[in-house]
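Only one structure is covered here, and it is reproduced in the block below.
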There are 2 protein chains.
Amino acid sequence: MSGADAGTPALRVTISDVAAAAGVSRATATRALKGEGRFAPETQERILEAAERLGYVRNTMAAELAAGRTGTVGLMLRDASNPAYGLLFSRLQEEAHQRGLDLVTVTIGADEQGAKQVNALHRLLGMRVAGLIVATGGISAAQLEPFADQVPILRAGRVESAGRIHTAHYDDEGHGRLLAEHIVALGHRTVVVLAGSPEASYPEHLRALAMQEVLTAAGVAVTMISAGARPEDGVDEALAAVRAGATAVMCASDYRQLAVMRAARAAGLRVPGDVSVTGCDGILPGADLLGLTTLRIPVEAVAAAAVETMQQLLTADGPETLVRRSFTGTLVPGSTAAAV
Amino acid sequence: MSGADAGTPALRVTISDVAAAAGVSRATATRALKGEGRFAPETQERILEAAERLGYVRNTMAAELAAGRTGTVGLMLRDASNPAYGLLFSRLQEEAHQRGLDLVTVTIGADEQGAKQVNALHRLLGMRVAGLIVATGGISAAQLEPFADQVPILRAGRVESAGRIHTAHYDDEGHGRLLAEHIVALGHRTVVVLAGSPEASYPEHLRALAMQEVLTAAGVAVTMISAGARPEDGVDEALAAVRAGATAVMCASDYRQLAVMRAARAAGLRVPGDVSVTGCDGILPGADLLGLTTLRIPVEAVAAAAVETMQQLLTADGPETLVRRSFTGTLVPGSTAAAV
DNA sequence: CTGAAAGCGCTTACAG
DNA sequence: CTGAAAGCGCTTACAG
């Protein structure tokens, strides 16, 4: 309440201050403040009043250190400027709030090296979080697994093959299939599939493989383009294939779809007149106005499952079994893809 | 490294384990691990090797409690599903990373009551963060100020009039002015301004007031609509005004602009043939394809200034002066607004 | 260059 | 119903 001098941080009020002000021991103050254990109602009242008056805020670090446990779940997040991750983040928070789970988040840039990823992981583990939700593909199972016996780890959004990591993930293959079936149904016989390489984006890669499978099985001629991480990567190549006869470009993400539409417009190609285009994600605001043909990924369901599963893992008493939950989104037919 | 039984968390290795394994005291282990103070190079090597081998992760809570300080800055964030906040979040993280500042984030839903907002604040203060960056309008200066003498507090994105809170904010009034001047230049004489009410969105309110001022000063007839928080709120009213003669609808956000375009399309009104529309934010992916007339808010500059300022505040030795930095974005003329 | 000791703020059995 | 005591894992002067 004093010490407003700059440079000298104000003295924080501790539980000892509160206890003294209320004329009790620290032990009693602790109990009354938490509302656990035995204490006289009027004693509690006095303690609560003192805490309020002094502006007491419990030191979480000390409390958790002493109690030997943490009520916080760590969340590793990828760059939230991508709306798909932004929304996932938002939903995870929302779910956690509703279930009374405290979440502490650290993010890692998409471009960061393994060392930084591990660093972020250590920061969370250093806080002795009770569980870990990983919502970034940037960190591998190998980096995660050593800690799987210390704390439950769940990957959100992406499949995971490693033994001890739980998941709540998108059905990327199913998504690729649904989109490809739509294109087949529209009668396209020569199609470009434009996706990030496995290194650039594993989910995109999975979608692309599934698309290829469905298209090929339907007798469609497929040109696969394995591109870099940036949306504009591979776009020129895709348009070249269009000029060579392809009637549709299937993109593994809406960002790529936008890039293709931009380039098509610049090149004087009409969508869907000259070329049909599809994407995947379906969460861009304004996607409807653009008429994007896409697939809405089930962000809400994945977020809910992730938090629910984590909560179960935290309260599990029996031996823990591996949880793997997959969620399929819904096709959004738009005006960017038409029958040939 | 044992205790893989479910239910029984593995024993975490402590610095005592590392010290014992290396045959030194905990004090020496601490120094060598941090690389501070004096120690024999070969001793350090032994300690580092032991830590590595045992899988030691320093307990941050204990370390900071003992050291009496924190290296972490708290970030209070609003729902990141809004791209404007998602991008701000992303940039803040990026900047913090680059400057070696650790950020720990808690979010609060847009709809949450004051109690929850304060709760989130307490969670951060309970972690004894070294500083606080507030990137949500949901928490008031009055709630923040009591803590301003314990820790530097900076509001990012939004102006702040309270005495002890620093800011790095958008020039909302300037943004409103720039957009209004554009509409005036296009020759519109009857205009609707559609914005959230002060309670729904204070920044939108500021933009709207500035628009009104510029429009009125130019002799334009203005209809002000003070709407709810949802993008579709007030849209019907706006279209009614258009039917009554208004030639332009100025929205205080891109979300509202999209809602107006959607409704206009449904009502058979052409944009910009029958009505010009403007927004504000300019960060929607695909905004260019839609031809949105908007204003790109300077997210990057605000984020950089916020982190930079916070870092200065943390290392300041002299008496701290109030920092208030404002940033103006750039007009993005699109195809949704045309001359009458 | 290294270690013994005290202490950070809080909680938890255990006695009363 | 309440308090004294020990301890959570680590760091920091202070002696050696």
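FYI, side chains are in, hydrogens and waters are out, and symmetry mates aren't considered; it's all heavy atoms of this structure. In the text below, chain A, chain B and the rest are named by the order of the sequence lines, each starting its count at 1.
Within residues 42-52 of chain B, no residue places a heavy atom under 4.0 Å from DNA chain D.
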(message) So if I define the base as every atom that isn't primed, P, OP1 or OP2, how would nucleotides 8-16 of chain D read as a B/S/- string at a heavy-atom cutoff under 4.0 Å?
(response) BBBBBB---

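Annotation: salt bridge (charged side-chain N to carboxylate O under 4.0 Å, His left out) contacts of Glu308(A) (sequence neighbours excluded): Arg325(A). With sequence neighbours left out, the salt bridge (charged side-chain N to carboxylate O under 4.0 Å, His left out) criterion links Asp17(B) to no other residue. Residues meeting the side-chain hydrogen bond (donor to acceptor under 3.5 Å, both in side chains) test with Ser16(A), sequence neighbours left out: none. Among residues two or more places apart in sequence or in another chain, the side-chain contact (heavy atoms from CB on, under 4.5 Å) test is passed with Leu314(A) by Val73(A), Leu101(A), Ala130(A), Pro152(A), Met310(A). Annotation: salt bridge (charged side-chain N to carboxylate O under 4.0 Å, His left out) contacts of Arg31(A) (sequence neighbours excluded): none. Partners of Arg128(B) by salt bridge (charged side-chain N to carboxylate O under 4.0 Å, His left out), not counting sequence neighbours: none found. A search for ring pair (Phe, Tyr, Trp, His ring centres under 6.0 Å) contacts involving Phe89(A) returns Phe89(B), not counting sequence neighbours. Under the side-chain hydrogen bond (donor to acceptor under 3.5 Å, both in side chains) criterion, Gln311(B) pairs with Arg99(B), sequence neighbours left out.
The side chain of Val24(A) has dG3(D) as its nearest neighbour among dG3(D), dT2(D), dG3(C).
Secondary-structure annotation of DNA chain D gives the stems C:1-3 with D:14-16, C:5-12 with D:5-12, C:14-16 with D:1-3, with a stem taken as at least 3 successive Watson-Crick or G-U pairs whose two distances both fall under 3.5 Å.
A distance of 10.5 Å separates CG of Asn59(A) from CD1 of Ile15(A), quoted to the nearest 0.5 Å.
Under the salt bridge (charged side-chain N to carboxylate O under 4.0 Å, His left out) criterion, the residue pairs touching residues 118-127 of chain B are Asp102(A)-Arg123(B), with sequence neighbours excluded.
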